[in-house]
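Inspection log for the structure reproduced underneath, given as structure tokens.
All figures in this text were calculated on a predicted structure; none of them were measured in a lab. Side-chain atoms are counted along with the backbone in the values below, which use heavy atoms only and exclude waters and symmetry mates.
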Amino acid sequence: MFWAMVNIIDVYFVDGIYKDEWDGVIIFGLFQIIPSILLLFFIKSDFLIKLVDFQSGNFFLCNSLLLAILGGFFFSFAFFFYYKALFNQNDVALLQILWNFSVLVVPIIAFLFLGERLPLYKYIGMVITLFGATLILFDKKLKMKFSSKYALIMLGVVILFSVGMVIGEKVYSNLNSITYGNQGFLIGFLFFSIGSFLGGVFFMFYGKRNPINLIKRYYKIFFISEGLTFLGTLASQRAIDISPSVSYVATVETFTPVFILIFSFLILLLLKFTKNKQEIVKKIYNKQLDGILIKIFAVGIMAIGIFIIS
């Protein structure tokens, strides 16, 4: 739900604030330092000291925390392609439906790197969910938005995001085995957020961008948007932490497009009853409802797949 809210805001950002995908990923990454600072107030120093050692002038970081940083970096990298896809086609509901291919990619990566094996019927449920995601190609309007370039961009999103999820599963599993309880999750999430921030820093220097003027101009709405991003990411990472399989989390997250369609409809309904009707905003959110019947049908098929898995 929180990520759907962020997606709805990003649709406006892409059409009115960001110059290109570089602006989007830099702002996204840099603002991850704020939750990193906030998390420090909830983490007990004695637990953190066991994983991070500054003794004798040497710096030591537990391998799990290094993995968490790497996972956060992959997360930021995925959002570079996410914004690139939006600048190609500013239809976030379409984007999220294609993002659902992570339902297949996550189990494959989890099998290759974690040796995770699920019962056959659960894989069948995942295939049905994937079939639902591909139904959008049967709608003429949506098919026009789909291209080989767009498909490659979304492939980058799905692979990088899926790798980040599987890394998260490994990190939280390792920290839980040390019996730190909720502190293990908070510490892991802290370093995941730091990794996302470092991703923003990387894109800032690699793209030779100075985001200061952009932040000064829109810092209020950035705080709201990235605050929602933090809540969505926190919920997703916590789900990975407590779920018996990261594949289940990837599958449940296929319902993001449902919230996007609902929020887009509510925004258009609100605009209908306001005196100062903003045509640009109306046009932006009308795009999200393109092919709404096939989108709803696709999500229905995906729901059947999720029911089989559960």
Side-chain angles (χ1 to χ4, degrees), residues 2-3 6 24-45 47-53 59-83 99 102 105-106 109-110 113-114 157-178 180-204 225-243 245-250 252-253 256:
F2 284 125
W3 270 349
V6 173
V25 71
I26 289 167
I27 296 298
F28 165 80
L30 294 183
F31 271 78
Q32 298 307 303
I33 197 62
I34 297 172
S36 302
I37 295 169
L38 293 175
L39 284 168
L40 287 172
F41 293 98
F42 298 93
I43 293 173
K44 296 177 181 178
S45 58
F47 284 109
L48 192 57
I49 289 170
K50 292 177 182 178
L51 298 169
V52 182
D53 187 12
F59 176 72
F60 167 79
L61 198 62
C62 170
N63 288 338
S64 294
L65 300 188
L66 288 171
L67 263 181
I69 291 173
L70 183 63
F73 187 84
F74 274 113
F75 189 61
S76 284
F77 214 147
F79 270 80
F80 172 77
F81 286 99
Y82 160 81
Y83 284 110
W99 198 322
S102 59
V105 177
V106 167
I109 296 174
F113 293 97
L114 302 182
V157 173
V158 170
I159 291 175
L160 290 166
F161 185 76
S162 299
V163 169
M165 288 188 75
V166 173
I167 288 175
E169 163 99 336
K170 182 65 175 175
V171 168
Y172 299 126
S173 175
N174 287 349
L175 292 175
N176 286 335
S177 67
I178 310 175
Y180 282 171
N182 288 337
Q183 285 292 304
F185 166 71
L186 290 174
I187 293 170
F189 186 55
L190 166 66
F191 283 86
F192 176 88
S193 299
I194 291 172
S196 296
F197 167 73
L198 292 176
V201 172
F202 167 79
F203 282 105
M204 184 177 70
S225 175
E226 299 310 325
L228 291 171
T229 300
F230 166 69
L231 292 173
T233 307
L234 176 67
S236 177
Q237 292 294 308
R238 182 58 170 167
I240 292 171
D241 176 39
I242 65 175
S243 173
S245 167
V246 66
S247 301
Y248 299 163
V249 182
V252 173
E253 285 180 358
T256 304

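Checked by atom type and distance alone, the side chain of Ser236 never pairs as donor or acceptor with a backbone atom of Gly232 at under 3.5 Å. Between the side chain of Gln183 and the backbone N or O of Lys44 there is at least one donor-acceptor pair closer than 3.5 Å.
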Show me, pair by pair, the donor-acceptor contacts under 3.5 angstrom made by side chains of residues 71-78, not counting sequence neighbours?
residue, atom, partner, partner atom, Å
Ser76, OG, Ser196, O, 2.7

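Across Ser64 and Leu175, no two heavy atoms sit closer than the pair CB-CD2, 4.2 Å. Closest approach of Leu190 to Ile43, counting heavy atoms only: CD2-CD1, 3.7 Å. Between Phe192 and Gln237, the shortest heavy-atom contact is CZ-NE2, 3.6 Å. When all heavy atoms of Ile194 and Ser36 are compared, the closest pair comes out as N-OG, 3.7 Å.
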Should Trp99 and Tyr82 be marked as a side-chain contact (heavy atoms from CB on, under 4.5 Å) after you check the CA-CA gap, both sets of side-chain angles, and the distance that decides it? CA-CA 9 Å; Trp99 198 322; Tyr82 160 81; 3.4 Å; yes
Are Trp3 and Glu253 close enough, and set up right, to give a side-chain contact (heavy atoms from CB on, under 4.5 Å), and what steps lead you there? CA-CA 10 Å; Trp3 270 349; Glu253 285 180 358; 3.9 Å; yes
Any chance you could lay out the side-chain contact (heavy atoms from CB on, under 4.5 Å) test for Lys170 and Val246, step after step, and finish with the verdict? CA-CA 10 Å; Lys170 182 65 175 175; Val246 66; over 6 Å; no
Mind running side-chain contact (heavy atoms from CB on, under 4.5 Å) on Ile27 and Glu226 for me, showing each step along the way? CA-CA 9 Å; Ile27 296 298; Glu226 299 310 325; 4.2 Å; yes
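Here Leu65 contributes atom CG and Asn174 contributes atom CG; the two are 10.0 Å apart, rounded to the nearest 0.5 Å. For the atom pair Phe189 CZ and Leu39 CG, the distance stands at 6.0 Å (nearest 0.5 Å).
Partners of Phe80 by ring-ring contact (aromatic ring centres under 6.0 Å, His included), not counting sequence neighbours, listed by chain and number: Trp22, Phe203.
Ring planes of Phe79 and Phe28: parallel class, angle under 30° (limits at 30 and 60°).
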